[in-house]
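Only this structure's heavy atoms are used, side chains among them; waters, hydrogens and symmetry mates stay out. Numbering of ligands and ligand atoms starts at 1, following listing order. Just so we're clear, the structure is a prediction, and the values are computed from it rather than from any experiment. Sequential numbering from 1 along the given sequence is applied to the chain's residues.
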Amino acid sequence: MDQMFNLLLQDVYYAEKALLRALNKMAKQATDEKLQKAFTDHRQETEGQVERLEQVFEMFDKKPRAKKCDAILGIIAEGDEVMEKAEDENVLDAGLIAAAQAAEHYEISRYGTLAAWAAQLGNAQAARLLNETLEEEKKADALLSEIAESAVNRQARAA
Ligand SMILES: [Fe+2]
Ligand SMILES: [Fe+2]
């Protein structure tokens, strides 16, 4: 369990760092102002999440290490494809939201598992930190849904 926890932690550490770069790019590409802000804000939040992970490594006496995570690379690659292929701005924004939500859902599943495992391993403090990030990921996901349902989908239909 301890080892599985550590491997999953390394996986998510890699994913967060990859998402820092991806969110930067998506913020630059997004055309809707609210969407741009959502990406920029979540990028900033992600920096804090990386720090939290480093604290969790430390709580388990482990060095922060990133282990390549193919799942997040696949999700990010899909986002890149959207940016290359979208035929207009509104379709681009809708595609970016879809790609970003796939990333958020991945993170939600990972942090849910990590928080549960940390608690099972008897580290309530680590569980609390991981749950804080989990809540941020859920909020980011909900905000993206809200943006999609308001402006972006309507515009994409009209395009
Ligand atoms: Fe994150
Ligand atoms: Fe996230």
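- Listed for the Q36 side chain is a donor-acceptor partner under 3.5 Å among the backbone atoms of A30.
- Residue E16: an N/O/S atom is found under 2.8 Å from the Fe ion (ligand 1).
- Angle subtended at the Fe ion (ligand 1) by Q49 OE1 and E137 OE2: 90°, rounded to 10 degrees.
- T46 lies apart from the Fe ion (ligand 1) in this respect, since none of its N, O or S atoms is found at a distance under 2.8 Å.
- Between K68 and D70 a salt bridge is recorded (basic side-chain N to carboxylate O distance below 4.0 Å).
- The nearest pair of heavy atoms linking N90 to D88 is N-OD1, 2.8 Å.
- Closest to the Fe ion (ligand 2) among the N, O or S atoms of H42 is NE2.
- Salt bridge annotation for D80-K25: present, with a cationic side-chain nitrogen under 4.0 angstrom from a carboxylate oxygen.
- Nearest heavy atoms, A126 versus F60: CB-CE1, 3.7 Å.
- For E104, the N, O or S atom closest to the Fe ion (ligand 2) goes by the atom name OE1.
- Residue contact annotation: E136 places no N/O/S atom under 2.8 Å from the Fe ion (ligand 1).
- The atom name of the N/O/S atom in E107 closest to the Fe ion (ligand 1) is OE2.
- Without hydrogens or angle criteria, Q101 side chain to D141 main chain gives a donor-acceptor distance under 3.5 Å.
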